[in-house]
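Throughout, protein chains are lettered first and strands after them, A, B, ... in sequence-line order, and every chain is numbered starting at 1. Keep in mind the model is a prediction, meaning the values are calculated, not measured.
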Amino acid sequence: MSRVVRVLPDEPAIDKLFDYLVPDAMGPAVRIGAMVRIALHGRRVGGWVIEDDVEPSVGDDKLRPLAKVRGFGPPASIVGLTEWAAWRWAGRRAVLLRAASPKGAVVKLPSPARNLAGARQAAASADDEVARLASAALGRIGPSVLRIPPALDPFSAIIEAARLGDVLVIAPSQARAELIGRRLRRLAIPVAVLPDEWARAAAGGGVVVGARGAAWAPNEPLSIVVLDEHDEAHKEERQPTWHGRDVAVERARRAGIPCLLLSPCPTLEALALAAPAAVSRQSERAGWAVLQIIDRTGDDPARAGLISEALVTPLRTASTAVCVLNRTGRSRLLACASCATLARCEVCDAAVHQPYDELVCARCSTARLVVCLTCGGGRFKNVRAGTTRLRDDLEVLTQRPVAEVTSATGELPEAGVYIGTEAILHRIARADVVAFLDMDSELLAPRYRANEQALALLARASRLVGGRGPGRVYVQTRLPDHEVLRAASLADPERLVEPELSRRRGLRFPPFSALAVISGSGAPEFAAALRPNENIEVGGGDTVLVRARDAARLADALHGLARPKGRVRVEVDPLRI
DNA sequence: CGGACAAGCTGA
DNA sequence: CAGCTTGTCCGG
């Protein structure tokens, strides 16, 4: 009998399996996960072998041979994991298999790393509080949560895991992954940094480290370590919106291995998996920065500037100061490109924005053509509400150079003071002053995770200033007693857990439910196919919120629904609603 | 996705 | 009714 395999084409829109004959010459290279090329409907496309030795589901006359074997792809266990993730996040398998595959063709694997004994020796020297916590957690199969304050180095947890055998480390950013790779190499511990060293990772032996994509790494680790589990960078923004931590937890469950979730401020999702272990109170206090709360309760909102008196001296004297001003939620302003008049609503005079090809009033929703009422011009440009002005003001106030940092900023300019949105906290590694100019926009953000996100920002700032030491984190606020500020001041994230749990339970937000947001022109039609029942609630409108009792029921409800004509975006587990 | 083919529209 | 556009289906 000739061998037949089942192949998924690398065309996300197809998402169907097709059977192909395996020519004898290709035999040994064809296995589950192998990347192949196939003739499909008159063209050649790439694909992955998903099942081996199958009974063909079409007649022999239709069967065609594989056109080519391109090389190694994800191992069978990871193919299975992508299958699960496609269900869990209601997405297409090909997108996930791409994330799990090497960037170029891999036809040969290097020999696996062997000098593990030396690595274990290097590892044996690490003996601190973090190592002891990790060691205990590594004795348990499945998820563990370790609360390690922002400025305490989690590296010895990785070393501790490496001592026991191959490890997979998932970092919140590529930069962080590469840094860890360099540190491990310095200790002569074999390491493959993804995505570049996919082949070395597949060969096995030692540590594999990468950003969220490493959750699909082709190795067979004996443990998985997720760094900064709370960091939203672990979530893929494109569809399917999978989460590196959740993939790691499922992967560990399937493999029957420990999975360590590290964070200074664990999410309620992580805490639902395991009770946290924490370093001593003393160490935790040392790992959070001193918070200086600048109470602006009495200041006249109309008159008070964004920089209070109390902030001027710290900004002037710090060697590096970082100012965070979140513009999200502030109305974006449009100005006419030719006459610079601000675009206002003709009915109510409020600022208008341009979601699509018309101008819409943020207050009364009146829409009109994209035309300037003053000069008739048809082009508008975004005015970033006052940041440039703020930069100038800051320069005058501090009498030193101030640099604005945006996502477009390449090389960081030389300056004593930097200003930007919260993304700036990921661009600058060290500072002695971090100032949140408008913390209330975080604390009062109309998002169900606002508290968790605000605490994460303070954790990040604490890391920048190096924990409890001479550095300071300043917070301008009208809510000086807010529980998030209190938790960060006291270096006690646990204080936030109970109130947050009861709030989420009351409002039935995750982890007490699972959510999906369906948007795009086809959203109403798509949502109409979802039948509400005791497990599923479906909202109305152009953007539909779906709420289920849990992730499995949500996934089941979304599974296999026909996509209508228009655009449909299904975001499972949205973090910012 | 993109080719095949069928159903609808137009012009003489 | 040829010649074209638009829509739906399906691939091994």
Side-chain angles (χ1 to χ4, degrees), chain A residues 1-76 78-80 82-83 85-87 89-105 213 216 236-242 356-357 518-530 558-572:
Chain A
M1 265 322 272
S2 43
R3 182 174 166 209
V4 175
V5 290
R6 205 150 275 164
V7 176
L8 180 78
D10 184 8
E11 288 287 351
I14 297 179
D15 205 33
K16 263 167 69 178
L17 300 171
F18 298 90
D19 295 347
Y20 286 85
L21 285 163
V22 182
D24 288 342
M26 293 182 194
V30 175
R31 65 191 78 111
I32 291 179
M35 300 179 74
V36 295
R37 285 189 77 74
I38 51 172
L40 183 70
H41 213 57
R43 61 200 173 116
R44 276 205 177 184
V45 295
W48 294 269
V49 175
I50 300 298
E51 281 177 73
D52 201 349
D53 285 319
V54 296
E55 197 60 43
S57 53
V58 289
D60 289 359
D61 51 324
K62 278 189 151 184
L63 276 182
R64 311 254 274 113
L66 293 172
K68 196 182 171 197
V69 183
R70 289 186 58 214
F72 285 89
I78 299 298
V79 172
T82 61
E83 193 81 8
W87 165 79
W89 286 282
R92 266 131 186 194
R93 288 171 285 186
V95 179
L96 298 164
L97 281 162
R98 277 180 192 171
S101 299
K103 278 194 288 187
W216 312 105
E236 171 64 56
E237 288 181 350
R238 292 162 297 183
Q239 270 190 273
T241 54
W242 54 274
Y356 296 105
D357 43 5
I518 301 168
S519 55
S521 57
E525 196 186 336
F526 183 85
L530 281 166
L558 295 171
H559 192 66
L561 283 189
R563 299 268 167 156
K565 276 186 289 275
R567 247 195 203 144
V568 181
R569 182 182 149 83
V570 180
E571 186 182 3
V572 175

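In this structure, CZ of Arg563(A) is placed 17 Å from P of dC9(C), rounded to the nearest angstrom. One can place CG of Asp15(A) at 17 Å from P of dC10(C), the figure rounded to the nearest angstrom. Nucleotide dG11(C) holds its P atom 12 Å from the CG atom of Asp19(A), rounded to whole Å. For Tyr20(A) and dG12(C), the OH to P distance is 6 Å, given to the nearest whole Å. Distance CZ (Arg44(A)) to P (dG3(B)): 16 Å, rounded to an integer number of Å. Computed from coordinates, the Ile38(A) CD1 to dG2(B) C1' distance equals 14 Å when rounded to whole Å. Rounded to a whole Å, the CG atom of Leu40(A) is 11 Å from the C1' atom of dG3(B). With rounding to whole Å, Arg6(A) atom CZ is found 15 Å from dG11(C) atom C1'.
Using a 4.0 Å cut-off between a side-chain N of Lys or Arg and a carboxylate O of Asp or Glu, Asp52(A) and Arg3(A) qualify as a salt bridge.
Contact between Val49(A) and Val36(A) at its shortest, heavy atoms only, is CG2-CG1, 3.9 Å. The two atoms that bring Pro74(A) and Ala100(A) nearest to each other are CB-O, 3.7 Å, heavy atoms only. Nearest heavy-atom pair across Ala90(A) and Arg563(A) is O-NH2, 3.5 Å.
Under the 3.5 Å distance criterion, with hydrogens and angles disregarded, no donor-acceptor pair is assigned to the side chains of Ser101(A) and Trp216(A).
Contact check of residues 55-72 of chain A against DNA chain B (heavy atom, cut-off under 4.0 Å) returns no residues at all.
No more than 12 heavy atoms of other residues, nucleotides or ligands lie within 6.0 Å of CZ in Arg64(A), so this atom counts as exposed by the packing criterion.
With dC10(C), dG2(B), dG12(C) as the choices, the nucleotide that has an atom nearest any side-chain atom of Lys16(A) turns out to be dC10(C).
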